[in-house]
Number of protein chains: 2
Amino acid sequence: MARAAGETARLDDAARAGWLYYVAGNTQDEIARKLGVSRQSAQRLVSLAVAEKLVKFRLDHPIARCMDLAAALTERFDLQFCDVVPTDPAAPELATGVAAAGAAEMERWLADPEPRVIGLGTGRMLRACVEQLPRMDCPQHHLVSLVGNMSPDGSATAYNVVVRLAEKVGAPHNPMPLIAVVRCADDLKLMHAQEPVENTLALAARADVTFVGVGHIDETSPLAVDGFISQEESAELIAQGAVGEMVAWAFDGEGRPIEGLTNARVSSAPLDPGTARRVCGLALGHAKQKAILGALRGKLINALITDEATAEAVLALA
Amino acid sequence: MARAAGETARLDDAARAGWLYYVAGNTQDEIARKLGVSRQSAQRLVSLAVAEKLVKFRLDHPIARCMDLAAALTERFDLQFCDVVPTDPAAPELATGVAAAGAAEMERWLADPEPRVIGLGTGRMLRACVEQLPRMDCPQHHLVSLVGNMSPDGSATAYNVVVRLAEKVGAPHNPMPLIAVVRCADDLKLMHAQEPVENTLALAARADVTFVGVGHIDETSPLAVDGFISQEESAELIAQGAVGEMVAWAFDGEGRPIEGLTNARVSSAPLDPGTARRVCGLALGHAKQKAILGALRGKLINALITDEATAEAVLALA
DNA sequence: AGGCTGGATGAGTATTTGCCCACTACGATA
DNA sequence: TATCGTAGTGGGCAAATACTCATCCAGCCT
């Protein structure tokens, strides 16, 4: 149809083609017949309509906003992967959704028949992820803890993520039989010199993927609350600009590690900013915005799982 | 992702899949990998998103509204074909657009290598369509006039559509050497008994497609203005409820033929309400709304080419 | 407890789509 | 007027997508 003048005619036809394709659900062949052009031309018209933004796609679902935010974060921070889950309006800081998404991502890695080395941090969030996982049978993978799971008194910490995950999926695993933040730098050398620890750290260094919680550092920070560091140490870190931590390594708003202080005594596997290996951070909540932003800016993580409200806040800060 | 509860989870995933497909332009394979499902499932999720109207397609182009109207008319009146062209805001009653669309539709039929019998009415609109056609070479088709092209004085009428079209496309053709509305019923018998007329009417009866203008009947009706019927006859028809005419057959608002009056003396090929053969009406303008609606309701036509404003008005009446 | 129903799944296959290429038509330029 | 360049076109093919079918599983009725 439309034998209208020159330039417009093509767009008119493109709009028609787009309408027939997307709204009426015609095949390009049908469109070609209806418009009296070849199938190839119909195809060109349809893609022209898309290219010229004549057709707009809109998603009528809360998820859509999450996907937009995830795409924005991926773009902004050059992420390998990003998942944003809807925030439960009734309980905005509830980790369930993020944990479920984390579990799904873990499951995807675990389902891989190829043997993988999977590194794990610790904390409530990761523990919640693991709890959400179904039992699986993954003897091909190897789990390794990035961070010591001992309390100074020798007992295991509450969030023994690696062991719990290993139980669930039947995979060999290396816990880290250390205190996360040891008493002094000398202790650190001593500990790291032990063969099992050396092996575990070496394994951690070649993890194909690692999952870590991103913690914030302030008066209520998990590190301090769980007794890994003291209130005084926490205050010092804050004074030095620390905003977050991952596997006990404190970093500032740009993701740069804080020199000295507790970082001189952290026994965890080192962070590897900018690595090509997947490093997936999990976190949500108002308090963690700056920590997440720091981790992203410093490329301490290249994948992120968070919730809508947090994603929005992080993007607003960025 | 999303291990949310039961029913919602599927829709969430469908929304994700839809987003990835339409907004992010992923292939279903990529979506399958990202969502950790099989390719088939990803396909199902995408089509579910469409089926559940989670993805909406919006067309940012004036044509879109026309397409919507055409679809509505097609649906409402069970049409084989409908084309609605944009109304030129500067000249709302200008036939150019509709004529162009009519020409395009004619051209599609003419381009068919299969031999077709093409029936044609008369009038300004059809003439304008024919003028818009390019020269073609279609000896395989046969054109036939449905309506007499003689004036009472023996001269050909101004809108000799069949002959003009035949010239342009080089097709054999049967004009109808009759006066459209003869003097009396007896004349009609006489005329119809003539062999050339019989043959032409028989040909018209098996036309694969016919193009007719839809005329309105009132003081300014083309029938009266062009002298086919008198003002008195026109007034009588109106009194009997006539709202429109096609190839001189007057009909009421439901598309029922007016009994007697001029209809008793119309020499044109008979209308065939509800036929499966394509009968394409062309018309636009405020005055023709009721006529078009009647023709549609009575299934006197099963295809329509009109403009946006008229389509809207007809649907509003319907 | 057993069997039935309805929806989801994966495999396999047919259809549809996207894209590369060579060719043609049209307009501008020398 | 001849030639070049650009845009559009259709053929052909590989990739992507849609569909069909047999099967499986969960929930539910008997």
Which residues pass the side-chain hydrogen bond (donor to acceptor under 3.5 Å, both in side chains) test with B:Thr310, sequence neighbours left out?
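Here the qualifying residues are B:Asp307.
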Using atom CG of B:Leu35 as one end and atom C1' of C:dT9 as the other, report the distance to the nearest whole Å.
16 Å
How close or far is atom P of C:dT17 from atom CG of A:Leu48, stated in whole angstroms?
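Taking atom P of C:dT17 as the reference, CG of A:Leu48 is at 17 Å.
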Those residues that, when tested against A:Arg39, pass salt bridge (charged side-chain N to carboxylate O under 4.0 Å, His left out) (two or more places apart):
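For A:Arg39, no residue satisfies salt bridge (charged side-chain N to carboxylate O under 4.0 Å, His left out) once neighbours in sequence are set aside.
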With a 6.0 Å cut-off on the ring centroids, do B:Phe57 and A:Tyr21 count as close?
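Between B:Phe57 and A:Tyr21, the centre distance exceeds or equals 6.0 Å.
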Sequence-aligned protein contact record of nucleotides 8-20 of chain D, with B where the base is within under 4.0 Å of a protein heavy atom and S where only the sugar-phosphate is:
SBBBB----BB-B
Flag, side chain of B:Gln28 to backbone of B:Arg44, donor-acceptor distance under 3.5 Å:
no
With a 4.0 Å cut-off on N to O distance, would you call B:Arg33 and B:Glu30 a salt bridge?
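Not counted as a salt bridge, because no side-chain N and carboxylate O are separated by less than 4.0 Å.
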